[in-house]
Amino acid sequence: MINRNEWVPADNFFLEQKASYSVKSMENLLVIAGPGTGKTEMLAQRANYLFETGICKEPYNILAISFKKDSASNLGERVKKRSSKSGDYRFDSMTYDALAKRVLDQFRNGLNITIRPDGDYLVQNETKLSEMVKEASQSYLLNSYCVNKTWREFSFLNPTINNVQKKLGNLMLHGTDKLQANLSYHGIMQLAIKIIETNPSIRYAFQVAYPFVFLDEFQDTTDLQYKFIKTLFLSSPVVITAVGDDKQRIMDFAGARKTIFLDFKNDFSADELHLSVNHRSAPQIINLQLSMYKSLQEDYNEVFYSGKWNKNEGEISLIQSLDDYEEAKKVAQDIMEKIHQGIKPNEIVILVKQRAEDYAPLIIDALKEKGIKARIESDYQSLIKEPLVKIILHSIMLSSTTSYTEDWQKYLSLYMESQGISDVEDERIIYDAEKALNEFLKSTSLMLNNKTTVKKLVQCIIDFWTVDFFQTTFPEYLHGSNLEETITSFINLMELEYQSGESWTEAVKSFVGDNSIPIMTIHKSKGLEFKAVYLIALDDNAFWSFKCNPDATRRALFVAISRAKQYLTFTFSESRFTTKHPGRQTHVLISEFYELIKRFVN
DNA sequence: GGTGCGTTCCTTTTT
DNA sequence: GGAACGCACC
């Protein structure tokens, strides 16, 4: 155990003074972490500090709550990397919904019998929820919009006001002979809140188990999530570190609570503190960000450049064109030059405000002519995250190598789990499992060398692991046609990669995106960083929301520009081809944005 | 089946 | 702001 005065950041990481203060704070804190200020690192170092100094000693834990599975596992990984004693950390990193579900599943009996759901409820099965709404309203005349709205807005917390809602509530909790109980994510969190509200001992148990809580991307917290946090931890000794940036609050439309920072400071008597070293962007890009502060109503403007940049580094440009065809050509040319300078395709991003599929085709074609791959990233990302796909990709990669890597270890322990032999110490059983797995990989390897089809290969891998294994380990594959759909869309996309690639290893690398330029919406790029950012269509059509919600739209622009490390390119085209009108629509460059960038454009 | 008018959506995650 | 859809009317 280290004395708290002698603790130094893990891996000799440099922490700015205020980051260091946040790491060691014993009070509730709101850490405003602007783009690139290293919030994940700060939280990981804080976890290290609390563990290493014994401030958070056994059996106490740290709870980190994120919105997305991605962020939750990234933070968990970073903490693991920063902790010296591997394995000896008590860091629970999970999403809001995972936490709520855990509360509900573990303490379901703490609910009054009238609102206690069946144990085997489905999680937001939308088709079946729609059937429930129809059943409850005894009408098949509702349109799908009304049906969706009804179950989405149903609340277990507010008293039911009419018979249809009463009936729907009961259907969700208990189902019928034909329909299984079925709760929305919203509903699960409401029931979790009810459990904590009505059972002080459960609330107390959480507070004791987790004396330290981290809240990630705090600016996006919804009313319900905040209520959940308050129910669990308000007026308790638990020390909460909330990290976020109001300038990057771009989820208002999805219900992010606008006053969250103020509310947290008041409710939890939290101090506010700003991280001010931007480790990501070159000075010129940071200067552009700073020039937006006034319009973002940000008073605090102390931002320091990272020492790795010279003062003049960072390039901002505007590509203007007469039509979108010319624009695509110019963008492709510019990207090709960047690639020739040695920038890798996956260090470049093409951003659009909304509807990537409307803007992508011309640019994809123009890049293709130059031999550069680009793709709408979300089509692939949802698939890459599927556990089934991960296992298939691992099977292919491990068949092509013979080294006993960390990946192989993970693959092996998953296999042992699938055989129901996860916690054995008998060396022989482990040896047998290794042998079986190696034989399987050998046979797969033979298939790969014999130029098998993707379909046959996938079938073979699934047969080995068995459908039953996938369905028991990952319950999302149990219902509907999730498993079938995942397999089909994987085969389709993977076939494209295999046809154009030279080897299976290359095809897998391409599939996970190592060789192509991602195209995505600004919202999807939140939290990511790229060496070069191309923001397509700085016009009043793409940014139509500027007229009805200028603040949120300014923040979206801010998120977009703050993804860039070194190169930032905007495009504007006077006309764009639309499917319906063979004539061309003219568009106007948003003048406020143009005024903002023109001082920085070379 | 064309047209004209009104309405809705666009930007998202979660076991 | 405009694409896409449903609906009434011819």
Side-chain angles (χ1 to χ4, degrees), chain A residues 65-73 94-106 117 119-126 143-146 148-149 152 181-192 216-217 219-222 224-225 228 248-256 351-359 377-378 381-382 385-387 471-480 482 520-527 535 537 539-557 559-560 575-581 583-588 590:
Chain A
I65 313 177
S66 311
F67 291 84
K68 300 202 271 181
K69 289 190 282 183
D70 261 11
S71 337
S73 54
M94 62 184 92
T95 62
Y96 275 98
D97 289 302
L99 178 64
K101 187 164 192 298
R102 218 182 72 174
V103 170
L104 177 60
D105 291 347
Q106 209 170 340
D120 61 343
Y121 62 88
L122 297 174
V123 179
Q124 195 156 311
N125 183 311
E126 306 201 1
N143 65 34
S144 63
Y145 173 73
C146 283
N148 271 327
K149 198 175 145 160
R152 276 178 202 280
N182 194 342
L183 300 171
S184 64
Y185 289 106
H186 215 70
I188 292 171
M189 191 169 288
Q190 289 173 334
L191 294 173
D216 200 12
E217 300 268 22
Q219 76 281 356
D220 293 331
T221 310
T222 65
L224 190 67
Q225 286 162 341
F228 187 36
Q248 297 181 72
R249 199 186 73 233
I250 56 173
M251 302 301 285
D252 286 13
F253 75 96
L351 295 182
V352 297
K353 176 64 174 51
Q354 277 160 226
R355 294 190 206 246
E357 61 280 9
D358 287 358
Y359 295 88
E377 196 58 21
S378 53
Q381 279 306 318
S382 50
K385 286 179 195 156
E386 291 278 344
Q471 293 188 325
T472 29
T473 319
F474 314 105
E476 65 258 44
Y477 296 133
L478 260 177
H479 299 283
N482 280 347
M520 62 179 90
T521 62
I522 293 174
H523 285 74
K524 286 245 161 59
S525 77
K526 193 162 62 101
L535 179 61
D539 63 49
D540 59 345
N541 191 18
F543 283 81
W544 59 268
S545 61
F546 186 72
K547 276 209 175 103
C548 50
N549 197 344
D551 284 339
T553 311
R554 287 185 189 111
R555 290 194 295 266
L557 180 74
V559 168
S575 60
R576 259 169 224 288
F577 194 78
T578 58
T579 42
K580 195 159 184 180
H581 303 278
R584 298 197 159 213
Q585 298 284 313
T586 53
H587 295 284
V588 183
I590 294 186

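Reckoned from all heavy atoms, side chains included, excluding hydrogens, waters and symmetry mates. Proteins come first, then strands; the chains are lettered A, B, ... in the order of their sequence lines, and each starts at number 1.
- Following rounding to the nearest Å, A:Gln219 (CD) and B:dT12 (P) show an atom-to-atom distance of 16 Å.
- The aromatic ring of A:Phe253 stacks onto the base of B:dT11, its centre lying under 5.5 Å from the centre of the six-membered base ring with the two planes under 30° apart.
- In this entry the distance linking CZ of A:Phe228 with P of B:dT13 reads 21 Å, nearest Å.
- Note: OH (A:Tyr359) to P (C:dA3) measures 10 Å, nearest angstrom.
- Here the C1' atom of nucleotide B:dT14 and the OH atom of A:Tyr185 are 5 Å apart, to the nearest Å.
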Notebook entry, point to check: Can you list the steps and then say if A:Asp540 with A:Lys547 is a salt bridge (Lys or Arg N to Asp or Glu O under 4.0 Å)?
Noted result: CA-CA 9 Å; A:Asp540 59 345; A:Lys547 276 209 175 103; 5.1 Å; no
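- When the side-chain nitrogen and oxygen atoms of A:Lys524 are compared with OP1 and OP2 of B:dT12, one or more of them lie within a distance under 4.0 Å.
- Here A:Lys69 reaches the OP1 or OP2 of B:dT15: one of its side-chain N or O atoms lies under 4.0 Å away.
- Computed from coordinates, the A:His186 NE2 to B:dT14 C1' distance equals 12 Å when rounded to whole Å.
- Not a single salt bridge (charged side-chain N to carboxylate O under 4.0 Å, His left out) links A:Arg102 to another residue, sequence neighbours left out.
- Summarising the geometry, atom NZ belonging to A:Lys524 is positioned 10.0 Å from atom CD belonging to A:Glu377; distances are rounded to the nearest 0.5 Å.
- An OP1 or OP2 oxygen of B:dC10 is reached within less than 4.0 angstrom by no side-chain nitrogen or oxygen of A:Ser545.
- A:Asp105 pairs by the salt bridge (charged side-chain N to carboxylate O under 4.0 Å, His left out) definition with A:Lys101, not counting sequence neighbours.
- Between the C1' atoms of B:dT13 and C:dG2, the separation comes to 27 Å (whole Å).
- A:Lys353 has no side-chain polar atom (N or O) that falls below the 4.0 Å cut-off from OP1 or OP2 of B:dT11.
- Using a 5.5 Å limit on the distance between ring centres and a 30° limit on the angle between planes, the aromatic ring of A:Trp544 counts as stacked on the six-membered base ring of B:dC10.
- The separation between A:Tyr96 atom OH and B:dT15 atom P is 14 Å, rounded to whole Å.
- The side chain of A:Lys547 sits closest to C:dG1 out of B:dT11, B:dT14, C:dG1.
- Atom CG of A:Leu191 and atom C1' of B:dT15 are 15 Å apart (whole Å).
- Here the nucleotide nearest the side chain of A:Ala254, chosen from C:dG2, B:dT15, B:dT12, is B:dT12.
- Taking atom CE on A:Met520 and atom P on B:dC10, their separation rounds to 20 Å, with Å as the unit.
- Between A:Asp539 and A:Arg576 there is a salt bridge, since a side-chain N of the basic residue sits under 4.0 Å from a carboxylate O of the acidic one.
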